[in-house]
Amino acid sequence: MTDETIAFTADGLPPKKGISGTADVISSLRRHDGQLPTQEQKVADFVKAHLEQISAMTIAELAGQCDVSTPTVIRFCRTLGCDGFREFKLRLAQNLAVSQQYLTAKPLPEQVRGDTAIDQILGALYASASAMQQQIDAEAMELAKAALLETRHLVFAGIGGGSSNVAQEAANRFFRLGIPAVSTSDSYILQMRAATLKAGDVLFLISASGEADAIVGAAEIAGGYGATTICITKPGTRLAHACTVPILLDLPEDRDIHKPTASRYIHMIVVDALAMAVAQAMDETTENLRRIRASLTAYHGRTGPQPLGD
């Protein structure tokens with residue numbers, strides 16, 4: 001038996017070589033479309049037209065529908081970066097679970113009516129703000145305010161585009177009040193910072209999903225060392241259960257995939273409300289803000305009207 005014979009697998013095909021696999025088989029399918037051998041292209045054409053049905057099919061059924069052999073189906077799967085048909089079906093199902101709305105995106109009725117982009121953004125913001133006003137728990141806000149007033153060290157964190165931006169702006173708001181505040185969106189740094197916190201410190205977490213492992217893990221670590229953990233997140237999530245003071249909001253998300261999520265605006269409103277409440281309750285806040293403005297004036301030389309909140 002030669003080395004070449006040994007290299008063949010039980011299905012009679014050479015093993016996949018030099019391919020690390022792909023998480024997005026839909027993109028891989030599009031990338032190879034039209035460049036595949038004739039028989040594999042038959043499989044590709046059928047798969048493109050029946051994306052949602054593939055997960056319920058056996059390899060023999062797919063081969064029969066395409067009028068090709070099962071080894072051809074396996075070669076097709078390997079061309080796309082999968083070990084075989086089973087992995088291909090799994091990855092395709094995972095892709096479809098999060099990609100279907102992007103694959104079938106069509107203009108929504110309000111866009112057809114001719115609303116401007118500003119109208120659409122404001123409409124989503126108003127809807128989310130209205131939902132927030134009805135859901136916000138005044139007691140949770142008071143508990144968060146009390147913890148923030150007493151904290152010695154404040155860490156804000158968010159993972160992902162919207163949440164990380166809110167966390168960064170939150171730290172920007174609170175350091176101006178004389179509270180040592182930092183933000184991070186790095187999952188490893190977050191775990192390390194959480195481990196340095198103790199009683200009297202606050203870890204403030206922002207998460208639209210409430211299920212990010214890094215965020216939940218940080219809440220558990222900081223809480224384990226006695227720090228107060230505050231979060232803005234969805235009710236019933238792991239993060240909501242892990243935090244000392246959960247501020248819970250179940251906000252509507254627009255169906256339009258091209259419209260930025262409105263929840264980040266609402267999370268920022270909650271942060272701003274807490275920052276204002278804390279500032280109003282602190283004696284030295286006005287002096288801190290005066291010193292900041294004086295230092296900026298000395299830096300850039302402008303003495304005209306400036307945004308007071310900044």
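On a predicted model such as this, the values are computed, not experimentally measured, just so you know. Heads up: numbering here begins at 1 and tracks the sequence.
The side-chain heavy atoms of Glu142 and Lys145, taken from C-beta on, include a pair separated by under 4.5 Å. Put simply, the side chain of Thr229 does not reach to within 4.5 Å of the side chain of Phe204, judged on heavy atoms. Looking only at side-chain heavy atoms (C-beta outward), Leu177 and Val278 come within less than 4.5 Å of each other. Between Thr151 and Thr228, every side-chain heavy-atom pair lies at or beyond the 4.5 Å cut-off. Proximity of Arg173 to Glu169: side-chain heavy atoms (C-beta onward) are separated by under 4.5 Å at one or more points. Using a 4.5 Å cut-off on side-chain heavy atoms (C-beta onward), Leu248 and Gln135 make no contact. Side-chain contact between Phe46 and Met57: present, with at least one pair of heavy atoms (C-beta onward) separated by less than 4.5 Å. Put simply, the side chain of Leu62 reaches to within 4.5 Å of the side chain of Val43, judged on heavy atoms.
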side-chain contact (heavy atoms from CB on, under 4.5 Å) assessment of Leu148 paired with Val202:
CA-CA 7 Å; Leu148 292 167; Val202 171; 4.2 Å; yes
Stepwise ring-ring contact (aromatic ring centres under 6.0 Å, His included) check, Phe156 with Phe174
CA-CA 10 Å; Phe156 288 96; Phe174 277 84; 5.5 Å; yes
Should Phe88 and Val47 be marked as a side-chain contact (heavy atoms from CB on, under 4.5 Å) after you check the CA-CA gap, both sets of side-chain angles, and the distance that decides it?
CA-CA 11 Å; Phe88 170 71; Val47 169; 3.9 Å; yes
Can His153 and Lys198 be said to form a side-chain contact (heavy atoms from CB on, under 4.5 Å), step by step?
CA-CA 9 Å; His153 186 191; Lys198 54 187 177 296; over 6 Å; no
Worked check of side-chain contact (heavy atoms from CB on, under 4.5 Å) between Leu274 and Ile247
CA-CA 11 Å; Leu274 287 171; Ile247 299 171; 4.0 Å; yes
Run the ring-ring contact (aromatic ring centres under 6.0 Å, His included) check on Phe76 and Phe85 step by step: do they pass?
CA-CA 9 Å; Phe76 164 77; Phe85 185 60; 9.1 Å; no
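With 3.5 Å as the limit, one finds a donor-acceptor pair spanning the side chains of Asp33 and Gln41. Side-chain N/O atoms of Thr72 and Arg75 include a donor and acceptor closer than 3.5 Å. Side-chain contact of Ser207 with Ser163: a donor-acceptor pair under 3.5 Å is absent, judged by distance alone.
Cluster membership check: Val25 does not share its hydrophobic cluster with Leu90, using side-chain heavy-atom separations under 4.5 Å among Ile, Leu, Val, Met, Phe, Trp and Tyr. In the hydrophobic clustering of this structure, Val68 groups with Leu92; members are Ile, Leu, Val, Met, Phe, Trp, Tyr whose side-chain heavy atoms approach within less than 4.5 Å, directly or through other members. Under a hydrophobic-cluster definition in which Ile, Leu, Val, Met, Phe, Trp and Tyr are linked whenever side-chain heavy atoms come within less than 4.5 Å, directly or via other members, Ile215 and Val245 are assigned to different clusters. Put simply, Tyr126 and Met268 are part of the same group of oily side chains (I, L, V, M, F, W, Y) that touch within less than 4.5 Å, one to the next. Clustering ILVMFWY residues whenever any of their side-chain heavy atoms sit less than 4.5 angstrom apart, transitively, puts Val166 in the very cluster that holds Ile136.
Using modelled atom types, no side-chain atom of Glu211 and backbone atom of Leu239 make a donor-acceptor pair closer than 3.5 Å. Between the Ser27 side chain and the Asp24 main chain, no donor and acceptor come within less than 3.5 Å of each other. Side-chain atoms of Glu220 do not come within 3.5 Å of backbone N or O of Gly217 as any donor-acceptor pair.
Annotation: the span from Ile206 atom CD1 to His267 atom NE2 amounts to 8.5 Å, rounded to 0.5 Å. Taken from CG in Leu190 to CZ in Arg193, the straight-line distance is 9.5 Å, to the nearest 0.5 Å. Within the model, atoms CD of Gln39 and SG of Cys66 stand 9.5 Å from one another, a figure rounded to the nearest 0.5 Å. Note that SG of Cys77 and CZ of Arg86 are 12.0 Å apart. Values are rounded to the nearest 0.5 Å. To the nearest 0.5 Å, atoms CD (Glu40) and OG1 (Thr79) are separated by 4.0 Å. Taking CZ of Arg91 as the start and CG of Leu80 as the end, the distance is 11.5 Å to the nearest 0.5 Å.
Considering every non-hydrogen atom in both Leu197 and Ala227, the closest pair reads CB-CB, 3.8 Å. For Ile189 against Asp186, the heavy-atom pair with the smallest separation is N-OD1, 2.8 Å. Listed here is the closest heavy atom pair of Ser209 and Ala212: OG-N, 3.9 Å. Contact record, Ser128 with Leu251: O-CD2, 3.7 Å, taken as the closest heavy-atom pair. Summarising the geometry of Ile159 relative to Ser185, their closest heavy-atom pair is CD1-O, 3.2 Å, with the distance given to 0.1 Å. Minimum heavy-atom separation, Cys231 to Ala240: SG-CA, 4.3 Å.
For CG of Asp45, the number of neighbouring non-hydrogen atoms (other residues, nucleotides, ligands) closer than 6.0 Å is greater than 12. Within a 6.0 Å radius of CZ in Arg152, more than 12 heavy atoms belonging to other residues, nucleotides or ligands are found. By the 6.0 Å contact criterion, CD on Gln168 is open, its count of non-hydrogen atoms from other residues, nucleotides or ligands being 12 or less. By the 6.0 Å contact criterion, CD on Glu150 is open, its count of non-hydrogen atoms from other residues, nucleotides or ligands being 12 or less.
The pair Asp213-Arg238 meets the salt-bridge criterion, since a charged nitrogen lies less than 4.0 angstrom from a carboxylate oxygen.
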